There are 2 protein chains.
Amino acid sequence: MARSSAGESVLTRAVRIFEAFGPDATTLQVTELARRADLHVATASRLVAELVSHGLLERGPEREVRIGVRMWELASRASPTLSLREAAMPFLEDLHAVVGHSVQLGVLDGDEVLFVERLTARDAVVNYSRIAGRLPPHITSSGHVLLAYGAPDLLERVLARPLERYTPHTVGTPEELRASLAQVRRQGFALLAGHVHEDATGIAVPVRNGLGEVVATMSVVVPNDDRATAQVPALMAAARGVTRALCGPRADRPH
Amino acid sequence: MARSSAGESVLTRAVRIFEAFGPDATTLQVTELARRADLHVATASRLVAELVSHGLLERGPEREVRIGVRMWELASRASPTLSLREAAMPFLEDLHAVVGHSVQLGVLDGDEVLFVERLTARDAVVNYSRIAGRLPPHITSSGHVLLAYGAPDLLERVLARPLERYTPHTVGTPEELRASLAQVRRQGFALLAGHVHEDATGIAVPVRNGLGEVVATMSVVVPNDDRATAQVPALMAAARGVTRALCGPRADRPH
DNA sequence: AAGCGTATTCTCGCTCAATGAGACGGGGGC
DNA sequence: GCCCCCGTCTCATTGAGCGAGAATACGCTT
């Protein structure tokens, strides 16, 4: 017996191995890894051994397997994602210090928000995002910003799927979503109270590059109260700072 | 003609492709990528296409290839490296605010210091590290800490190679290095003035886990002056904070 | 110590996924 | 138009990769 019955490539299988790990499964035994990756255990064992030899996976004392440092290093050395994060970091830190609640940096990947950075707060209302985590765009303020300024076919694709509600406040119909996005475009920011978690308000603003294109979104998660809107100017100032940093040493673009 | 003459695996080649990227080559054309990865251009083109289909690489408008967001995501979702970084982040931020200069978090990987995080400062003396970057351990304060508390065979391996000097101050002989490490063990921190760059002093302290093992190092890079030593208590306090965070909700360990 | 159960690695016959040489198409420059 | 460079496609070739089953490793129980 040779070759996988499904005609799969080695790379496809390796990717499936990496995808088997997640925040709830940071280490896995070979057998479980094989099960999750849908591989014969001997095959999984072999691929794991090779990935370990390359440093992309690592083994622990109980033969458990985890993501290797080399994987992160290769991903990070030349990553556009991390270039953006690095440019944004000083502004995220300042915003974090000023607002006192969790701040986030998100990008659009596929049809989802991918969170690139999140600075948490001790007294955070609730933390519903995680670094390298994803959320559907219709439920978060970040997602609303990315949809509002994104390509029209993005919105069509999002609307082609059911809009699942996380709370009674979550946008659940195409009409609601379109109205919300129109408001984002008018106001220049998204403010969603209780859409992901009942007790939290998400506020997000677009982050633009030097060409004026929206490339990311900065957001904060604050308690539901009347003072939420007061955070908007700080957010916008921070986003402008990131834009400036993304342009490099050139002069600011006129608004 | 089939199969590589060198009997290389697909994974080995994919790793070489990723290794071709770096901070000085964030995007590459397929031909250049093939050259750097020592692959036939047709092979490189094919592997790139597949890696792009998995999101591990991405293409730009001029057919340039760059690291894909998915690579970073898979590396980050379950990464022990990022767990450490996340635990350390609040303390790095506080330290950054207090010291006003660049702060760094480094780990030992192989025989080198790998920088996991770096918060920069506007008026930083000099930034000689980068996130996901490596430096030889004998030249940096971080490296001295990791060597001082590391396994003896680590030091032997480091000493088995020539100790290259970056500046006239850099440790350049085994005797100098051993003496410096002994001092680190006595003092509990490393302070190296002008070892990497003439104008900068690096100060590093060990970060321990709940078992008392040194798992990382926190450091700052400050100007050379008599006030440098004053930063040590803040560094040590921050490192203790990280240890507490790494222990989870359990009580503090007695010192 | 022996036995058992589980997990992981090794062996090996088999085969098709991966290879690179060369053709081809596209784009840019002269 | 011609030429050059780049990247993708085609295809004959073959050995890297496969999984079934054996062997080994490990932990636990009696």
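All values reported here derive from a predicted model rather than from experimental measurement. Proteins get letters first, then strands, A, B, ... in listed order; numbering begins at 1 in each. The basis for the numbers below is simple: all heavy atoms, side chains too, and nothing from hydrogens, waters or symmetry mates.
The shortest heavy-atom contact between A/Arg85 and A/Leu105 is CA-CD2, 3.8 Å.
Under the 3.5 Å distance criterion, the side-chain polar atoms of B/Arg157 are left unmatched by any main-chain donor or acceptor of B/Asp111.
Taking the side chain of A/Thr31 as heavy atoms from C-beta on, and the options C/dT8, D/dG21, C/dG20, the nearest nucleotide is C/dT8. When the nucleotides C/dG20, D/dG19, D/dC6 are ranked by their closest atom to the side chain of B/Thr43, C/dG20 comes out on top. The side chain of A/Ala42 lies closest to D/dG19, out of C/dT8, C/dA18, D/dG19.
Between B/Glu32 and A/Ala44, the one whose closest nucleotide on DNA chain D sits nearer the 5' end is B/Glu32. Along DNA chain D, the nucleotide nearest to A/Arg63 and the one nearest to B/His40 differ in position, and the one closer to the 5' end is contacted by B/His40.
Between A/Arg59 atom CZ and D/dA25 atom P the separation is 15 Å, expressed in whole Å. Nucleotide D/dA16 holds its P atom 13 Å from the CG atom of B/Leu11, rounded to whole Å. Rounded to whole Å, atom C1' of D/dC6 lies 14 Å from atom CG of B/Leu28. At whole-Å resolution of the value, CD in A/Glu62 and P in D/dG27 are 7 Å apart. Across the protein-nucleic acid pair, A/Leu33 atom CG and C/dT9 atom C1' stand 15 Å apart, rounded to whole Å. Atom CZ of A/Arg46 and atom C1' of C/dT9 are 11 Å apart (whole Å). For the pair A/Glu64 CD and D/dC26 P, the computed distance is 14 Å after rounding to whole Å. Taking atom CD of residue B/Glu8 and atom P of nucleotide D/dA16, one finds them 10 Å apart after rounding to whole Å.
Residue B/Arg13 places no side-chain N or O under 4.0 Å from the OP1 or OP2 atom of C/dA17. Contact check, B/Arg35 against D/dC5: no side-chain N or O comes under 4.0 Å of OP1 or OP2. In this model, the phosphate group of D/dT8 is approached by a side-chain N or O of B/Ser45 to a distance below 4.0 Å at OP1 or OP2.
One finds no salt bridge joining B/Arg16 and B/Glu19 here, because no Lys/Arg side-chain nitrogen approaches an Asp/Glu carboxylate oxygen to under 4.0 Å.
Atom CZ of B/Arg130 is surrounded by 12 or fewer heavy atoms from other residues, nucleotides or ligands within 6.0 Å.
Side-chain atoms of A/Thr217 and A/Gln104 form no donor-acceptor pair, as typed in the model, at a separation below 3.5 Å.
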